[in-house]
2 protein chains.
Amino acid sequence: MMVSTKGRYALTVMVELARKGENGYVSLSDIAESENLSMKYLESIIAILNKGGLLKSLRGKNGGYMLARDPKDYTINEILLLTEGTLAPVNCIMQEGVQCEKAATCSTLPLWAGLDKVIENYLKGITLEDIIKGNRKKMLGDYCESCEPAK
Amino acid sequence: MMVSTKGRYALTVMVELARKGENGYVSLSDIAESENLSMKYLESIIAILNKGGLLKSLRGKNGGYMLARDPKDYTINEILLLTEGTLAPVNCIMQEGVQCEKAATCSTLPLWAGLDKVIENYLKGITLEDIIKGNRKKMLGDYCESCEPAK
DNA sequence: ACATATTCCTACCGAGAGAGTAGGATTTGT
DNA sequence: ACAAATCCTACTCTCTCGGTAGGAATATGT
């Protein structure tokens, strides 16, 4: 498994906020309640999103969080990368290039690099808007049984 | 990170054995030495490959391991799946379908399912032979700088 | 002014997985 | 008989994941 609860919850939060739209700030307790997640744990995750500039926040009464931009301007890659730190499928591939002394002679490295690219490419191609609009075709591609068959 | 050392070493072993070809059995100590890995740890990994039927083994003097089939008949997916148990990028997607009580209403599930498929598809498309032949084009696709540009 | 609702910040903790180690039993070729 | 190999079981250490706890700072309604 590559994506932990941190990244999954983060995405869930972003989706939730995207759904609430521009109707003011949404409080942490609201989000935790509607998603049925621990408020304290969610707090630490939202902190990452907030510090990363993905959210706007307001303290005090009637405060809360809201998206900093339009849902279509967030890629899933961006959200997960921020919360997870890396999405590399293996240790020998780090963000910002390869970090292994055997890299030059490693015959499996191209495989890992290719896998990494495939993942990154997929996640960069999907936005928050795709999720809230339920764009199954884009997410599931040819594997979507309820979509029109691509030809 | 989705693939641990177990899966990576397993793949390395398979590549090593594929290179040695049909020239008899290769001993564990030979493999460990040429890859500069702990023999004891490698032993536990090879045991998985062996029990999974990917290898043939011979005990006693001059014994060792060799591939059970032709390199082109192993997909990377098969090798990693056996050693890692699962390659799902998230917990809510298990092998053999979805396992989450919120699945019916989860708006992020199609994303994870799509990601899972993309990964599986990539790994099923590459064989052990591709690795030992250094088929960079297949592994890296459009990201391969040393390949002919695809058009 | 004050109570209240909220974000913000630091620290802590338990369980489980990852990454190996250790020691020996068993099998086979010479 | 001996050496070289696989096979098997159990153990250990460390780190990350997933979460908890307690309080400080800040804004708002009355």
Side-chain angles (χ1 to χ4, degrees), chain A residues 1-13 17 20 24-33 35-68 80 83-92, chain B residues 1-13 17 20 24-66 68 80 83-92:
Chain A
M1 199 191 22
M2 185 176 46
V3 179
S4 64
T5 56
K6 216 197 283 187
R8 280 196 292 129
Y9 290 179
L11 183 55
T12 302
V13 166
L17 289 177
K20 307 276 184 176
Y25 290 89
V26 182
S27 77
L28 174 60
S29 55
D30 280 358
I31 300 170
E33 192 176 3
E35 296 298 334
N36 205 28
L37 297 174
S38 149
M39 189 170 141
K40 273 300 189 180
Y41 186 37
L42 220 49
E43 192 184 326
S44 65
I45 293 168
I46 289 187
I48 302 172
L49 295 170
N50 196 23
K51 281 183 188 162
L54 302 200
L55 300 180
K56 284 187 293 187
S57 69
L58 185 67
R59 301 173 79 165
K61 199 160 186 173
N62 295 329
Y65 303 93
M66 66 189 297
L67 295 189
L80 294 181
T83 45
E84 295 288 323
T86 175
L87 292 174
V90 288
N91 232 343
C92 38
Chain B
M1 199 188 21
M2 185 176 44
V3 179
S4 65
T5 56
K6 215 196 285 187
R8 280 198 289 127
Y9 291 178
L11 183 55
T12 302
V13 166
L17 289 176
K20 308 276 183 174
Y25 289 89
V26 182
S27 77
L28 175 59
S29 57
D30 280 359
I31 300 172
E33 192 176 5
S34 68
E35 295 298 333
N36 204 29
L37 297 174
S38 151
M39 189 171 141
K40 274 299 188 180
Y41 187 37
L42 220 50
E43 193 184 324
S44 64
I45 292 168
I46 289 187
I48 302 173
L49 295 170
N50 196 22
K51 282 183 188 165
L54 303 200
L55 300 180
K56 285 188 292 187
S57 70
L58 185 68
R59 300 175 80 165
K61 198 157 186 174
N62 296 328
Y65 304 92
M66 67 188 299
L80 294 180
T83 44
E84 294 289 323
T86 175
L87 293 173
V90 288
N91 232 343
C92 38

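Treat the numbers as computed from the prediction; the structure is a model and nothing was measured. We name chains A, B, ... by the order of the sequence lines, and we start the count at 1 in each one.
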In whole angstrom, what separates [X]'s [atom1] from [N]'s [atom2]?
X: A/Y41; N: D/dC17; atom1: OH; atom2: P; result: 8 Å
X: B/Y25; N: D/dC7; atom1: OH; atom2: P; result: 10 Å
X: A/I45; N: C/dC9; atom1: CD1; atom2: P; result: 17 Å
X: A/L37; N: D/dT20; atom1: CG; atom2: P; result: 11 Å
X: B/K61; N: D/dT6; atom1: NZ; atom2: C1'; result: 15 Å
X: B/Y9; N: C/dA19; atom1: OH; atom2: P; result: 8 Å
X: A/L28; N: D/dG19; atom1: CG; atom2: C1'; result: 14 Å
X: B/K40; N: C/dA25; atom1: NZ; atom2: P; result: 13 Å

message: Need to verify one output field. Residue with the more 5' nearest nucleotide on DNA chain D, A/L58 or A/M39?
response: A/M39

- request: Could you say whether B/S29 or B/K51 is positioned toward the 5' end of DNA chain D, judged by the nucleotide with the nearest heavy atom to each?
  value: B/S29

Heavy-atom donor-acceptor pair, A/E84 side-chain to D/dC17 base, under 3.5 Å: no

task: Report yes or no: is there a donor-acceptor pair, N or O only, under 3.5 Å between the side chain of A/R59 and the base of D/dA25?
output: yes

task: Examine distances only and state if a side-chain atom of A/E84 and a backbone atom of A/V3 form a donor-acceptor pair shorter than 3.5 Å.
output: no

statement: Assert: residue with more 5' nearest nucleotide on DNA chain C, out of B/E43 and B/T5, is B/T5

Has [X] got a side-chain N or O lying under 4.0 Å from the OP1 or OP2 atom of [N]?
X: B/S4; N: C/dA19; answer: yes
X: A/S44; N: D/dG19; answer: no
X: B/Y65; N: D/dC7; answer: yes
X: A/S38; N: D/dG18; answer: no
X: A/N62; N: C/dT6; answer: no
X: B/S57; N: D/dT6; answer: no

message: I want to check something: taking the side chain as every heavy atom from C-beta on, are B/T5 and B/L37 in contact at a cut-off of under 4.5 Å?
response: no

query: Would you say B/Y65 and B/V13 make side-chain contact, with heavy atoms under 4.5 Å?
result: no

message: Would you compute the distance between atom OG1 of A/T12 and atom CG of A/N36 and round it to the nearest 0.5 angstrom?
response: 12.0 Å

